**Q** 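This structure is in structure tokens; I'll ask about it shortly.
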Amino acid sequence: MSRPSLDVESITVRYGGVVALASVSVRVAPGSVVGLIGPNGAGKTTLINAITGVVRPASGSISLGRRRIDGLAPHLVARDGVARTYQNIRLFGALTVADNVRAGAYRRPGMLGDDAVRALLSRALVDHDLRARAGTLPYGEQRRLEIARALAGDPAVLLLDEPAAGMNPRETGELRGLIRGIARTGRCVLLVEHDMSLVSAVCDRVTVLNFGEVIAEGTPSDVGRDPAVVEAYLGTG
């Protein structure tokens with residue numbers, strides 16, 4: 001079954017008199033990974049919050065295929081097929097690994113037996129007893145357990161908010177293969193990340209935000225050479 005694209009068109013988000021996003025557009029095709037980069041405070045997480053219904057845009061539209069999802073409550077956006085992870089780990093630390101995965105199956109409750117949970121954990125490269133407490137897992141596995149939980153709902157769109165934060169080089173390398181594998185299932189992946197080696201390795205295209213505005217978009221190599229991006233974000237080092 002084909003999956004829908006994610007289309008963000010001219011989204012503007014305001015917090016009082018502050019414009020957090022100004023007419024931002026991003027398109028993620030099924031089976032592709034789009035990177036979203038920029039300095040801290042550029043509006044990256046705000047865009048994820050707008051897509052997931054946590055904040056309501058002042059204008060613009062967000063669509064999954066032909067279906068508009070902007071303005072929907074977060075649980076309805078999730079049921080339509082949008083899943084996310086967070087900058088800071090938000091597992092249920094006192095619950096088991098298996099229960100954390102099952103918590104993500106909001107679109108198909110009661111359908112995740114142990115074999116299905118093990119398959120999701122294997123895809124996310126989490127090798128741990130299902131009965132282990134999630135909070136006892138090593139840091140990198142906790143990060144990947146969040147991804148397994150997000151995949152449990154069989155989403156069409158996966159939003160990853162700085163998944164490599166705090167990971168060592170080996171863990172980041174494992175994450176690289178995991179993200180590309182998720183895209184190969186036909187899902188749309190939007191990746192917010194500061195690790196430019198990871199962005200360059202997994203992203204088909206990159207959108208760059210600065211002060212809530214898109215200042216560049218293109219392939220990772222094109223964006224990396226853009227003078228505006230170098231000045232605002234990458235620096236000359």
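Computed from a predicted structure; not experimentally measured.
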**Q** How long is the straight-line distance from CG of Leu120 back to CG of Asn100, given to the nearest 0.5 Å?
**A**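 Here the interatomic distance stands at 12.5 Å.
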**Q** Can any side-chain N or O of Arg187 pair as donor or acceptor with the backbone N or O of Pro155 at less than 3.5 Å?
**A**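 Such a contact is found between Arg187 side chain and Pro155 backbone.
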**Q** Please determine if Asp99 and Arg149 form a salt bridge, counting it only when a charged side-chain N lies under 4.0 Å from a carboxylate O.
**A**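 Here Asp99 does not pair with Arg149 in a salt bridge, since their nearest N and O are not under 4.0 Å apart.
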**Q** Main chain of Leu36, side chain of Glu193: is a donor-acceptor contact present, judged purely on distance under 3.5 Å?
**A**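 Such a contact is absent between Glu193 side chain and Leu36 backbone.
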**Q** Please confirm whether the backbone N or O of Val208 pairs with a side-chain atom of Glu217, one donor and one acceptor, at under 3.5 Å?
**A**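 No, Glu217 side chain to Val208 backbone: no donor-acceptor pair under 3.5 Å.
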**Q** State whether Arg66 and Asp7 are salt-bridged, where the test is any N-O pair (Lys NZ or Arg NE/NH1/NH2 against Asp/Glu carboxylate O) under 4.0 Å.
**A**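 Not counted as a salt bridge, because no side-chain N and carboxylate O are separated by less than 4.0 Å.
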**Q** Is Arg144 salt-bridged to Glu171, going by a charged N under 4.0 Å from an acidic O?
**A**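 Looking at Arg144 and Glu171, the cut-off is not met.
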**Q** For the residue pair Thr46 and Asn49, confirm or rule out a side-chain donor-acceptor distance under 3.5 Å.
**A**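 Not at all, the side chains of Thr46 and Asn49 share no donor-acceptor pair under 3.5 Å.
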**Q** With a 3.5 Å distance limit and no angle check, can you tell me whether Ser32 reaches the backbone of Asp204 through a side-chain donor-acceptor pair?
**A**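 No, the answer is negative, given that no donor and acceptor are paired below the 3.5 Å cut-off.
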**Q** Between Pro39 and Ala232, which heavy-atom pair has the shortest distance, and what is it?
**A**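 In terms of heavy atoms, the two residues are closest at CG-O, 3.4 Å.
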**Q** Count the heavy atoms of every other residue, nucleotide or ligand shown that sit under 6.0 Å from CG of Asn88, and state whether that count exceeds 12.
**A**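 Not buried by this count: 12 neighbours or fewer within 6.0 Å.
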**Q** May I ask you to say whether Asp154 pairs ionically with Arg3, meaning some side-chain N is under 4.0 Å from a carboxylate O?
**A**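 Looking at Asp154 and Arg3, the cut-off is met.
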**Q** Give a yes or no answer on whether the side chain of Glu146 reaches the backbone of Arg90 with a donor-acceptor pair at less than 3.5 Å.
**A**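 Such a contact is found between Glu146 side chain and Arg90 backbone.
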